[in-house]
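Letters go in sequence order (proteins before strands), and every chain restarts at 1.
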There are 2 protein chains.
Amino acid sequence: MTERKRVTILDVSRATGLALSTVSNALAGKNHVSEETRATVLEAATRLGYRASTVARALRMQRSFTIGVLVADVANPSSPDFVRGVEDVAIREKCTLLLSNTDGDEERQLLHMRTLLDRQVDGMVLISQHVSSPAVRALLDASTPFVLIQRRNPLFPDDYVGSDNVIGVSEAINHLHALKHRRIGFVRGPSDSSTAGERLETFLAEAKRLRLKVDDELVFKGDYGFETGVAAGRHFLRLRRPPTAIMGSSDINALGVMEAALESGLSIPGQLSVVGLDDIALASFRAINLTTIHLQKRAMGAAAADLLIERIRQPDRTPQELIFPTRLVVRGSTAAPALPEAPRLRA
Amino acid sequence: MTERKRVTILDVSRATGLALSTVSNALAGKNHVSEETRATVLEAATRLGYRASTVARALRMQRSFTIGVLVADVANPSSPDFVRGVEDVAIREKCTLLLSNTDGDEERQLLHMRTLLDRQVDGMVLISQHVSSPAVRALLDASTPFVLIQRRNPLFPDDYVGSDNVIGVSEAINHLHALKHRRIGFVRGPSDSSTAGERLETFLAEAKRLRLKVDDELVFKGDYGFETGVAAGRHFLRLRRPPTAIMGSSDINALGVMEAALESGLSIPGQLSVVGLDDIALASFRAINLTTIHLQKRAMGAAAADLLIERIRQPDRTPQELIFPTRLVVRGSTAAPALPEAPRLRA
DNA sequence: TTGTACGCGTTATCAG
DNA sequence: CTGATAACGCGTACAA
């Protein structure tokens with residue numbers, strides 16, 4: 001653990017006998033430098049182990065080569081794929097990721113946003129974060145470029161990457177309908193999530209088209225978490241006329257529903273069909289085998305980062321929104337209901 | 001998107017008519033400042049919306065208030081909990097996390113380590129990373145403080161946080177033995193992982209003590225991934241005398257084994273018992289219900305960060321190692337074997 | 001092609 | 001208690 005002093009550009013300058021700026025130019029790949037000098041500089045630089053200080057560069061250039069990412073919770077399997085996507089282009093752009101968990105809490109989000117701004121991040125990616133409150137808007141509007149993923153407020157013309165909630169959800173409900181399900185429960189995601197809202201609307205519209213009756217008791221309001229899924233499952237299964245199928249607001253959600261079903265001794269899909277939304281890696285494992293709506297998260301993360309890079313380069317560009325298609329992946333958690341609705345009514 | 005210029009300490013200085021250094025002192029909470037001036041400064045600072053530039057501070061103080069974290073893959077449910085733990089203390093210490101995925105690839109790891117060093121991170125936490133190769137050691141030894149999690153090389157006296165592999169693994173094998181399992185397959189983690197090595201040794205030692213024969217074909221070498229689990233499962237189930245229980249090197253691993261078992265039409269735990277290692281959230285869901293060895297990952301992450309903070313403050317402290325206990329959590333993926341070993345031998 | 005001088009926003013040092 | 005000045009390491013306009 002030698003107490004080493006940092007090798008600066010000045011050391012390289014001294015070692016080569018060349019001027020500071022010459023070294024800088026040579027290193028930066030400017031063309032005003034003779035090949036010979038450049039070689040000398042490069043040799044000395046590697047020999048001394050010189051590495052440019054990103055900090056000094058950031059101060060000078062007013063650009064930190066850093067992208068801030070706000071996520072609800074890295075430990076939740078839903079989010080990391082987005083992050084990987086962002087990272088993919090960050091690496092390409094020679095940027096580093098500053099990652100913070102907000103746990104869906106607005107105070108924490110504000111705190112982290114301020115921290116990111118203090119660090120002069122070149123831009124921020126907000127994944128399913130709060131986007132409407134005055135405090136958040138104030139920070140957002142008068143600062144760094146940013147891109148939203150999966151949650152926005154249509155009132156604000158922000159750069160946005162989301163998923164097409166119509167295709168996936170309507171595919172799912174039609175799939176269930178084709179299997180003869182006539183009572184379908186729906187778990188709604190966070191109340192302030194635009195995405196969650198769109199999904200519910202699609203569900204209701206499509207249900208109407210299919211002439212399915214959706215009473216209030218068939219819509220459960222919660223968030224994307226496991227506990228919400230469990231609570232929803234318990235709620236639905238306690239109804240006088242329980243649904244024969246339940247659509248979760250996320251895969252984790254759907255797992256919660258499965259949990260509740262299994263704790264009641266119901267078999268899946270024999271006595272209850274369950275549909276998720278996300279298609280996390282685990283959904284495809286046979287032990288789970290969840291029918292779900294697939295989201296292209298890594299691609300969405302990358303697209304968001306690309307949008308961000310564009311906006312950094314061109315701050316006055318008109319805001320763009322990118323909507324990724326979703327599709328239903330049918331696996332083993334859905335099947336025809338054990339008792340069709342009709343006979344049951346006659347009983 | 002107003003093209004706002006950053007409010008600097010100079011602006012505050014001008015607004016108050018006080019000297020630059022006085023403002024700085026007041027803001028920094030130094031005690032050489034009269035209450036009155038401090039109030040003036042604070043008022044002006046908040047009024048103007050002044051926020052100190054972390055970048056400038058980093059350059060001046062040679063301390064970036066940043067902790068670098070290297071992780072194999074955030075998208076893998078095994079790692080994020082460690083990260084959360086590190087983050088817990090980072091927030092307490094007013095530090096930010098610079099997170100990078102290495103995918104277990106040494107080149108990527110080296111790349112990211114250099115990036116972190118260029119950014120003058122105050123320290124690094126390496127979670128299950130390469131720690132022995134000359135290239136890695138060179139970077140490690142002559143630079144920033146660092147702490148290792150879950151993988152180290154005993155030859156180097158590094159700060160280290162790991163788990164007690166003896167307790168958990170021996171509990172697991174004894175549990176299986178008590179259930180009358182006599183042939184147990186073992187999936188070994190990455191060959192260069194100290195932790196994976198210790199676990200195998202414990203397994204073999206305990207097997208010997210219990211007079212279980214462990215032929216070579218009962219040890220499968222791979223990594224912590226799902227695919228390794230699948231491959232291991234297939235390998236074991238194809239043996240002339242397949243094991244009646246299999247211990248994975250991680251939960252994801254164990255899920256892979258379950259996958260292979262289910263694809264062969266074997267029921268769990270009826271015809272095959274499976275044990276994982278990690279206790280990820282999903283392991284406790286009824287749909288999975290995995291018997292596994294619990295690791296206190298968030299606590300370990302926090303402990304590592306604490307160690308790091310200590311080392312930053314006191315670079316010449318003698319290296320410490322912290323070993324966290326592990327314990328077996330018995331769930332539904334283990335049971336007595338369908339056909340005891342003895343009758344089978346008679347057949 | 002090369003060298004000089006200055007600015008980026010802070011904090012540390014030392015003088016008043 | 002307050003204020004002037006010098007770093008921190010790099011990029012860049014401008015002069016040579």
Completion exercise
Between CD1 of A:Ile9 and P of D:dC8 the distance, given in whole Å, is 15 Å
Practice task
Considering just the side-chain nitrogens and oxygens of A:Ser24, establish if one lies under 4.0 Å of OP1 or OP2 belonging to D:dC10.
Solution key: no
Problem - Nearest-nucleotide comparison on DNA chain C, the residue closer to the 5′ end among B:Ser21 and A:Ser21 - result: A:Ser21
Handout entry: Backbone of A:His130 reached by a side-chain donor or acceptor of A:Glu106 within 3.5 Å
Key = no
Exercise for the section: Consider the side chain of A:Met61, meaning its heavy atoms from C-beta on, and name the nucleotide among D:dG3, D:dC10, D:dT12 that approaches it most closely. Expected result: D:dT12
Completion exercise
Which of D:dT2, D:dC8, D:dC10 is nearest the side chain of B:Val33? It is D:dT2
Fill in the blank from the handout: DNA chain D nearest-nucleotide lookup for B:Glu35 and A:Thr54: closer to the 5′ end is B:Glu35
Exercise for the section: Determine the contact category for B:Ala52: base if any of its heavy atoms lies under 4.0 Å from a base atom, sugar-phosphate if only primed atoms, P, OP1 or OP2 are that close, otherwise nothing. Expected result: sugar-phosphate
Problem - Distance, rounded to the nearest Å, where B:Arg63 contributes CZ and D:dA7 contributes C1' - result: 19 Å
Exercise for the section: In whole angstrom, give the distance that lies between atom CG of A:Leu18 and atom P of C:dG3. Expected result: 6 Å
Handout entry: A:Thr8 side chain near D:dC8 phosphate (N/O to OP1/OP2, under 4.0 Å)
Key = no
Completion exercise
Separation between CE (B:Met113) and OG1 (B:Thr144), nearest 0.5 Å, reads 9.0 Å
Practice task
Find the distance A:Glu36:CD to C:dT2:C1' and express it as a whole number of Å.
Solution key: 14 Å
Practice task
Look at the side-chain N and O atoms of B:Thr22 and state whether any lies under 4.0 Å from the OP1 or OP2 oxygen of D:dG3.
Solution key: yes
Fill in the blank from the handout: Separation of C:dT10 atom P from A:Gln120 atom CD, nearest Å, is 9 Å
Problem - Atom-to-atom span, CZ of B:Arg38 to C1' of D:dC1 - whole angstrom - result: 11 Å
Practice task
Please determine which of B:Leu27, B:Asn25, B:Leu18 meets the side chain to side chain contact (heavy atoms under 4.5 Å, CB included) test together with B:Val33.
Solution key: B:Asn25
Practice task
Please step through salt bridge (Lys or Arg N to Asp or Glu O under 4.0 Å) for the pair A:Asp159 and A:Arg317, ending with a clear verdict.
Solution key: CA-CA 10 Å; A:Asp159 283 309; A:Arg317 214 171 93 280; 3.7 Å; yes
Practice task
Using a 4.5 Å cut-off on heavy atoms from C-beta on, say whether the side chain of B:Arg60 contacts that of A:Leu59.
Solution key: no
Fill in the blank from the handout: Out of D:dT2, C:dC8, C:dT11, minimum distance to the side chain of B:Thr37 belongs to D:dT2
Exercise for the section: Whole angstrom is fine here: how far is it from CZ in A:Arg51 over to C1' in D:dC8? Expected result: 20 Å
Exercise for the section: Let me know the distance between CG of B:Asn25 and P of D:dG3, rounded to the nearest Å. Expected result: 10 Å
Completion exercise
Which of D:dT2, D:dC8, C:dC8 is nearest the side chain of B:Leu59? It is D:dC8
Problem - Side-chain N,O (B:Gln62) to OP1/OP2 (D:dG9) below 4.0 Å - result: yes
Exercise for the section: Could you check which of D:dC10, C:dG3, D:dA6 has an atom nearest any side-chain atom of A:Arg60? Expected result: D:dC10
Practice task
Tell me, please, which residues at least two apart from B:Arg114 pass salt bridge (charged side-chain N to carboxylate O under 4.0 Å, His left out).
Solution key: none
Exercise for the section: Compare the minimum distances between each of D:dC10, D:dC8, C:dG3 and the side chain of A:Ala19, then state the nucleotide with the smallest one. Expected result: C:dG3
